[in-house]
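Below: one structure, written as C-alpha cells.
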Amino acid sequence: MTDLEQLNADLLRRRAAQPKIKPAETLDIETAFTNIKVVSDDEAERLRKPEFQDPRHPKFESLCRAAGLPKRHTQKDGLDRSGKWGDTEAKLIKRLGTGYTCALIGPSGRGKTQLAVNVGREVIRAGRSVEFTTASIFLMRIKETFKPTNKRTELQVIEEHAERHLLIIDEEEKRKQGDWDGDQLYTLINERYNGMLDTILIGNVGTPNELQE
C-alpha cells in the first residue's frame, strides 16, 4: 500500500468513527450548544505545545532552567498533595494572575521551595515568565552594577525582576538585614505590587513577625 493509499484509508476510518449528526429538522440546538467546550486562544495555543504537557520534555526543562527553578525541585514526580500542603498549592495556583504577594514560612524541610516551584511550573506551562532567585543573589546582582566595567544599572536589575509574571524570592532571612538591603527589596516588591504581578517570598522562620523583622 502506498503512502497516499494509507492516508486515504486512515481518513476513511476516522470519518466512520465520528458520531452521526442528526438531520437538521430534528437537531436539538440547545443541547448542541451546551456540549460545546469553549477554549480561549491562549489555552488552545498552550495545549498544542507538547513540551508543556511532559514535565521532562527537553524544551520544558530548559524553560525551567532559564527561570532559575532549582533542578532538584523540578524533577520530583508523584508528590503527595493530600492535606494542607496540597491545599496551599491549589490556592496559590488558583490566585495566579491576581497580583498577590504571599510569604511561605516555617522550618527547613517542610516543602516551601517545592511548593513555590510547582506554582512556577504552572506559570511556565501557561507561557508566562517566571524568575526564581534568593534574596542574597538578587542583592549581589545589584552590587555587581557598582563595578566600573559593568554597564548595567541598579535600576535595570530591579526592573528585570519587577517585570516577571511570577517572582519567587527564597531565603529571605539569609542576608545582612541592613537598611540598604531592605530598601532594594522594598523597591522591588513595591514595583511588583503596583504592577499587579504575583510574588512569593520564602523564609525559614517561625512566625510572620520574624519575617517582617
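These figures come from a predicted structure and were not determined experimentally.
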I124 and A67: which non-hydrogen atoms are nearest, and at how many Å?
CD1-CB, 4.1 Å

Within one Ile-Leu-Val-Met-Phe-Trp-Tyr cluster: L63 and V130, side-chain cutoff 4.5 Å
yes

How close do W85 and G111 get, counting heavy atoms only, and between which atoms?
NE1-O, 3.2 Å

Any non-hydrogen side-chain atom of T113 less than 4.5 Å from a side-chain atom of I202?
yes

Would you say Q114 and N118 are linked by a side-chain donor-acceptor pair, where the criterion is simply a distance under 3.5 Å?
yes

Would you list the pairs meeting salt bridge (Lys or Arg N to Asp or Glu O under 4.0 Å) in which at least one residue belongs to residues 187-209, sequence neighbours left out?
none

What is the minimum heavy-atom distance between K71 and R65, and which atoms define it?
CA-NH2, 3.3 Å

Transitive ILVMFWY side-chain link W180 to L188, under 4.5 Å
yes

Please give the remaining members of the hydrophobic cluster of I137, linking ILVMFWY side chains under 4.5 Å, ordered by chain and number.
M140

CZ on R110 to NZ on K84, rounded to 0.5 Å:
11.0 Å

Side-chain heavy-atom pair L201, I189 within 4.5 angstrom cut-off
yes

Using 0.5 Å steps for rounding, measure from the CD atom of Q184 to the CG atom of D179.
11.0 Å

Following the transitive rule for hydrophobic clusters with a side-chain heavy-atom cut-off under 4.5 Å over Ile, Leu, Val, Met, Phe, Trp and Tyr, establish whether I168 and V123 coincide in one cluster.
yes

Heavy-atom pair with the smallest gap, counting every atom of H161 and L167
O-CD2, 3.8 Å

Let me check something: any side-chain donor-acceptor pairs from residues 98-106 under 3.5 Å, sequence neighbours excluded? List them with distances.
{"unit_1": "T98", "atom_1": "OG1", "unit_2": "R95", "atom_2": "O", "d": "2.6"}
{"unit_1": "Y100", "atom_1": "OH", "unit_2": "L92", "atom_2": "O", "d": "3.3"}

Interatomic distance, E160 atom CD to S129 atom OG [nearest 0.5 angstrom]:
12.0 Å

Polar side-chain atom of H165 near backbone of R128 as donor-acceptor pair, under 3.5 Å:
no

Exercise: identify the closest heavy-atom pair between C64 and R121:
SG-CG, 4.3 Å

Calculate, to the nearest 0.5 Å, the distance between atoms CG and CG belonging to L139 and D181 respectively.
4.5 Å

Main chain of N190, side chain of N194: is a donor-acceptor contact present, judged purely on distance under 3.5 Å?
yes

Counting only heavy atoms not in F146, do more than 12 fall under 6.0 Å of its CZ?
yes

Between E144 and R141, does at least one N-O distance fall below 4.0 Å, as a salt bridge requires?
no

Out of curiosity, does I93 fall in the hydrophobic cluster containing V117 (side-chain heavy atoms, cut-off under 4.5 Å, transitive links)?
yes

So do F132 and D170 actually touch side chain to side chain, heavy atoms under 4.5 Å?
yes

Is there a side-chain contact between I169 and I200, using heavy atoms and a 4.5 Å cut-off?
no

Looking at every non-hydrogen atom in both residues, tell me the closest pair between Q156 and R152 and how far apart they are.
OE1-CA, 3.1 Å

